[in-house]
Structure formats: C-alpha cells, structure tokens
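Sequence lines set the chain letters: A, B, ... in the order given, protein chains first and strands last, and positions in each chain run from 1.
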Amino acid sequence: MIDIRLLRSAPDEVRSALARRGDDAVLHHLDTLITLDASLRDVTAERDGIRAKVNDLSRTVGQLRRDGKVDDASRLQDESRELGLREEELAAEHDRVQGEIRNILLVVPNLPNEQVPEGGSDADNPVVSGPFLPNGGEDGFAEHQRVPHWDIGVALGILDNERATKIAASMFTMQRGAGATLARALCQYALDLNADAFEEVRPPTLVSTATLTSTGQLPKFADDAYAIERDDLWCIPTAEVPLTSIYAGEILDHAQLPARFMAYSPCYRREAGSAGRDTRGMLRAHEFDKVEILAIATPEQSPDLLVEMVGRVERMIASLGLHHRVIEICTGDLGQSHHRSFDVEVYAPGCGQWLEVSSISWFSDYQARRADIRYRPVGEDSKPVKGTALAHTLNGSALAVPRVWAAILETHRNPDGSVTVPEVLRPYMRGIEIIGG
RNA sequence: GGAACGGUGGCAGAGCGGACAAAUGCAGCCGCCUUGAAAGCGGCCGGCCCAAAAGGCCCGGGGGUUCGAAUCCCUCCCGUUCCGCCA
C-alpha cells in the first residue's frame, strides 16, 4: 500500500509519480481516496467527540452511584444512552468509509523510484548489463546448439511432459533421471552460493489469505493463484510470500536489519492470463522449483542491497556458462508492488529467445505497510530515536529452475547430442559430467 | 477430530464490571553515587489515529449485554496438555 498520509500532504507528488506508470485508472483512484480520506477524518472527529462525552458521563455515573445519588445517575444514564445511538451511527459510517479506503489502497500500485526509466511497455526496458553473447550476437552460437530443449530433453529421456500431463494436467512438467538430478542440483547450488549472507528457511508453501495479501498478490491477482478453498489456504506462487511475512506484525530492533532469508520452494501459478503461451518444454509451467533470496531492511540499506542481489544472480548465471543480460524494468512495465526492478535474462539458443530467469525487486515500504513490518530507527549516535518506522523489503529469484534448466540443455549441447553439465554443478550430480554421453 | 485449560506491555505475571494503558518483577534508557563497574537510590520506560493540543482507539479477532467491559455472554482463531488418528 502507498502511504495515505503522503497522498494527503503531497497529492501532486503522488499523482505525478503514479502517472509515470501510464495507467489512468490509478489516477482516478487517487481522487476518490482524497475525498474519502477527508470525510473519514470528519466522521472520526465527530465520533471521538461523542465517545469522549460518553466516557465522561460514565465516569460521573460511577461516582454518583458510589455517592448514592441514584436519581442523578439514572438521568445521566439516559443522556448517555442517547449519545450511544448517535455514536453507533457514526462508528458504522467510519467503518464503512475506512473499508472503502482500504479496498482502494489495496489495488493502488507502488510509487516508482525516481531512477526508474521512462517507458510504456516491456519493449522499452533498457539493457543495463550485457548482453554477454558468444561472438557478440544472438547468432554467435553453433548449429548443434540450435535445438530446443524440449527436443533435447525427450531425446535424452530426461523430460517427460507427456506423462506429467497424464498424471496432473497440461502445463505440468516432469524431469527424469539426470534431468531430475540436474533440477535439484541447481537448487542446491543456488542455496550454497548464497549461504554466506542468507539464512536458509523451509517455509510453509500453503498460506493464509492475509499472507498472500501482504505481498500484493491479493486481491487483484486472485485468478493467478491456486486456492484451497476448503481450508482457506493458497498455494504460494513464490517463496517471497511466506518469507516476507516472517516478521509480519512485528517491530524489529534496528540491529536485526537487514534480515536476509533464502528458501527453496515449489511455486504454483495458474498462469490464467497466459493460457496457451509457451506451452512446450519448460518455459511456463503451473508448478516449478525456485530458490528465492529476500531482505528486510531499512530504507537506507535498500539501494545497496538491490545492487548486491542483482550482482549475486548475475554472477551465478555466468558461473553456469550461460549467456545473459540484465534489463531494468521501465515505468510502464513495473509490477504493482515494485518500486524498482531488474530482470536477469538468459539467451536460450535452441528456442532462440531471451528467457527471464530472475526478477530482483525493491518494494520500498509497500509490502511492509501491508504486512505491518516495522523497526525501531536509530539516530546518528546509534541510540534509538522515538517511534517506529516501516521496513523496506527486497527480493529476487536466486535461481528459477525450469528456464535455467532449459538454457543449460541448449547452451551446453554437444555436436553428438549429449549435454555437458556445468562444472560448478558436478558436485551435486553424483558424478555425472555428460548427460547422454 | 474430542476434552480440559489458557491467550494481558520486549519478557514474566497480577487484575475478573467503574478511579486500569493496566500492579509487581526482569530487561532497557537517563541521572546521582563511584577512579571505573556492580550494587543502591531517583526518574523515564507499549502501540496506533489526528498537523498538533484536546480527544479517541488497542488487554488474540469479531459480535453482544451495559450509562460504563481487560473483566460478563456468544462466536471464530491460536497455544498448551491429554485422548484419538496418522506420514
């Protein structure tokens, strides 16, 4: 959620920041919010005034009864009862307006950071690192690398989506043999590589409605998530969801920040908006594995953490011998909750496309406000200063298995059709160096 | 799933219809004392709304009774223990 106090005190700033996203419906919401907020404060003031009177009368009644002045007391009781009726009306109005404000706030997107580049769609996302390609171009790959991974996977007997579909439904995948081992090796590798700074967590992968709302998936993107209605739980689309809520509703000491977590988890996505797209191979599936890294930080720590996390992902992709680039997400393509965001993309020579394998994002206090994650700030002398402040959250996929798996098959395919396992993964591969060799 | 007992400030723990944002202890902060520290003494010491004063809200969530609810009633959630079931 954005800060309604900021909207109140600097409406033009909020308006122009959100205008950069190029979504007029959002601006209309702002007008509604300003109106509702003003009336909420009127109603609140009036309600609180009546409550003050009732409280006062009640105290007097108590005193009078102790003094045995029953008649006086009952006269005041009548008066108080009258006021109570009015208070009830105002309280109902207050709750109604407040609920309306909250419902709107839940769908208003985050303010983009000033540094987010201007743009209308993903076509305008600038490349900020790379591209790192053989011979400098997308056609710098050899002929034997020009085979899509779905063909390679079937030929080597390590991808069996046909049976995955039989077992579950379309757009589910199944890896077998060395393919399954490779998928797991990638997770192990990603976890080990980030264990220097991130605490490993094995979170729940089914979460409550409140938890899925905190990170921004609800209420707007309910159709994208798998719901387990009978138990009022949701399957997580990413470990970001449970990890962000680890400290939900808590007030942290400054010294606890940044808190950094990483988790391997399965991720479940209905892909409601993209049915029929990328249905072959591993490019888009309802269930996949991912290692997520996440930080809960102070506003001051956040910019550096964002850079650090992008660097970690970039180095890891490079260590797998994959060809990549980093793009920054422009204003028109920025996700609802995002304040600033970078994607790491890998070039898959077999299917001839850039694959998004990681998205590293800074959420400013947008998620923290929803999840109520606060900390006690300190002054320059490191002594606590008065009050609490909302934390900032950042997260990114350290490694999303399917697309990296696909890119490895295509990039490291040999002329004889076998696939060489990247050196760094071999410790996790039970000695397999070449798949199908 | 059943039963019993619980859910109060950072923690422990009183309060069980009015003077309670809430005793007390511990932790924390400031000061005195001290060469320094500890002990001792004095003071401070929850969060939220409102620009703020005033005021209001918060004793697991929601609802009810009452002039008045941390306290009584209903309901839901969570915890502990026992029983049942079970990877």
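Pairing partner, B/rC78: B/rG6, with both Watson-Crick or wobble hydrogen-bond distances short of 3.5 Å. Both distances falling under 3.5 Å, in either a Watson-Crick or a G-U wobble arrangement, occur for no nucleotide opposite B/rA51. Using the Watson-Crick or G-U wobble rule with both distances under 3.5 Å, B/rA19 pairs with nothing in any strand shown. With both pairing distances under 3.5 Å, B/rA12 is matched to B/rU24 as a Watson-Crick or G-U wobble pair. Partner assigned to B/rG42 is B/rC30, using Watson-Crick or G-U wobble distances below 3.5 angstrom. As the counterpart of B/rG84, no nucleotide is assigned, since no Watson-Crick or G-U wobble pattern has both distances under 3.5 Å. Base pairing of B/rC59: no nucleotide in any strand meets the Watson-Crick or G-U wobble criterion (both distances under 3.5 Å). A 3.5 Å limit on both hydrogen-bonding distances identifies no Watson-Crick or G-U partner for B/rU35.
Comparing B/rU8 with B/rG60, their C1' atoms sit 10 Å apart, to the nearest whole Å. Taking the P atom of each, B/rC57 and B/rA69 are spaced 9 Å apart, rounded to whole Å. On the C1' atoms, B/rG7 is 16 Å away from B/rC58, given to the nearest whole Å. Straight-line distance between the C1' atoms of B/rA27 and B/rC33: roughly 22 Å, to the nearest whole Å. Rounded to a whole angstrom, the distance from the P atom of B/rC73 to that of B/rU66 is 16 Å. Atom C1' of B/rU80 sits at a distance of 26 Å from the matching atom of B/rA22, rounded to the whole Å. When the P atom is used for both B/rC74 and B/rC5, the distance is 13 Å, rounded to whole Å. Taking atom C1' in both B/rA54 and B/rC67, the straight-line distance is 23 Å, to the nearest Å.
Rounded to an integer number of Å, the gap from CG of A/Asp253 to C1' of B/rG28 is 10 Å. As rounded to whole Å, 11 Å separates atom C1' of B/rG55 from atom CZ of A/Arg51. In this structure, A/Leu76 places its CG atom 13 Å from P of B/rG68, rounding to the nearest Å. The distance between atom CG of A/Leu252 and atom P of B/rG10, rounded to the nearest whole Å, is 13 Å. Taking atom CG of residue A/Asp56 and atom C1' of nucleotide B/rA54, one finds them 13 Å apart after rounding to whole Å. Put simply, CG on A/Asp95 is 18 Å from P on B/rG56, counting in whole angstrom units. Put simply, NZ on A/Lys53 is 14 Å from C1' on B/rA54, counting in whole angstrom units. To the nearest angstrom, P of B/rG10 lies 7 Å from CD1 of A/Ile251.
Using a 4.0 Å heavy-atom criterion, one finds that A/Ser9 contacts no nucleic acid atom at all. Within the nucleic acid shown, A/Arg75 has no heavy atom closer than 4.0 Å to any nucleic acid atom.
The ring pair (Phe, Tyr, Trp, His ring centres under 6.0 Å) pairs that include a residue from residues 64-109 of chain A number zero, where partners must be two or more places apart or lie in different chains. Applying the salt bridge (charged side-chain N to carboxylate O under 4.0 Å, His left out) test to every pair with at least one member in residues 423-437 of chain A, sequence neighbours left out, gives these pairs: A/Glu423-A/Arg426.
Contacts of A/Gln63 classified as side chain to side chain contact (heavy atoms under 4.5 Å, CB included), with partners at least two apart in sequence or in another chain: A/Arg66, A/Asp67. With sequence neighbours excluded, no residue forms a side-chain hydrogen bond (donor to acceptor under 3.5 Å, both in side chains) with A/Asp151. Looking at residues two or more places apart in sequence or on another chain, you find no side chain to side chain contact (heavy atoms under 4.5 Å, CB included) involving A/Asp12. Checked against side chain to side chain contact (heavy atoms under 4.5 Å, CB included), A/Glu287 has the following partners two or more places apart in sequence or in another chain: A/Phe172, A/Pro266, A/Tyr268. Checked against side-chain hydrogen bond (donor to acceptor under 3.5 Å, both in side chains), A/Gln77 has no partners two or more places apart in sequence or in another chain.
Checking A/Ile408, A/Val154, A/Leu283 one by one against A/His149, the side chain to side chain contact (heavy atoms under 4.5 Å, CB included) holds for a single residue, A/Leu283. For the pairing with A/Asp343, the side-chain hydrogen bond (donor to acceptor under 3.5 Å, both in side chains) check across A/Ser359, A/Ser397, A/Ser358 returns one residue only, A/Ser359.
Both A/Gly387 and A/Asp37 lie near RNA chain B, and the one whose nearest nucleotide falls closer to the 5' end is A/Gly387.
For the OP1/OP2 pair of B/rG55 and a distance below 4.0 Å, the side-chain nitrogens and oxygens of A/Arg47 include no atom meeting the criterion. OP1 or OP2 of B/rC48 lies within a sub-4.0 Å distance of a side-chain N or O belonging to A/Arg374.
Comparing B/rG10, B/rC48, B/rG56 by their nearest atom to the side chain of A/Arg376 picks out B/rG10. With distances taken from any side-chain atom of A/Asp48 to the nucleotides B/rG47, B/rC67, B/rG56, the minimum falls on B/rG56. In this structure, the nucleotide among B/rG55, B/rC57, B/rC49 sitting nearest to the side chain of A/Asn55 is B/rC57.
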Please write out the pairs of protein N or O atoms and N or O atoms of nucleotides 18-20 of chain B separated by less than 3.5 Å, giving the distance to one decimal.
residue: B/rG18; atom: O6; partner: A/Arg65; partner atom: NE; Å: 3.3
residue: B/rG18; atom: N2; partner: A/Ser58; partner atom: O; Å: 2.8
residue: B/rA19; atom: N6; partner: A/Arg66; partner atom: NE; Å: 3.4

Under 3.5 Å between N/O atoms: give me all the protein pairs with nucleotides 70-80 of chain B, atom names plus distance.
none

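A salt bridge links A/Arg51 with A/Glu87: the distance from a Lys NZ or Arg NE/NH1/NH2 to an Asp or Glu carboxylate oxygen falls below 4.0 Å.
Using cut-offs of 30° and 60° for the angle between ring planes, the A/His286 and A/Tyr226 rings count as perpendicular.
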Side-chain donor-acceptor distances from residues 249-263 of chain A under 3.5 Å, at least two apart:
residue: A/Gln256; atom: OE1; partner: A/Asp253; partner atom: N; Å: 2.8
residue: A/Arg260; atom: NH1; partner: A/Glu308; partner atom: OE1; Å: 3.0
residue: A/Arg260; atom: NH1; partner: A/Glu308; partner atom: OE2; Å: 3.1

Name the atoms and distances for all side-chain donor-acceptor pairs under 3.5 Å in residues 96-103 of chain A, with sequence neighbours left out.
residue: A/Arg96; atom: NE; partner: A/Glu93; partner atom: OE1; Å: 3.2
residue: A/Arg96; atom: NH1; partner: A/Glu100; partner atom: OE1; Å: 3.0
residue: A/Arg96; atom: NH2; partner: A/Glu93; partner atom: OE2; Å: 3.1
residue: A/Asn103; atom: ND2; partner: A/Gly99; partner atom: O; Å: 3.4

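Using a 4.0 Å cut-off on heavy atoms, the residues of residues 79-94 of chain A that approach RNA chain B are A/Ser80, A/Arg81, listed by number.
Nearest heavy-atom pair across A/Ala239 and A/Lys290 is N-NZ, 4.0 Å.
For the residue pair A/Asn395 / A/Thr244, no side-chain donor-acceptor distance below 3.5 Å is found, with atom types taken as modelled.
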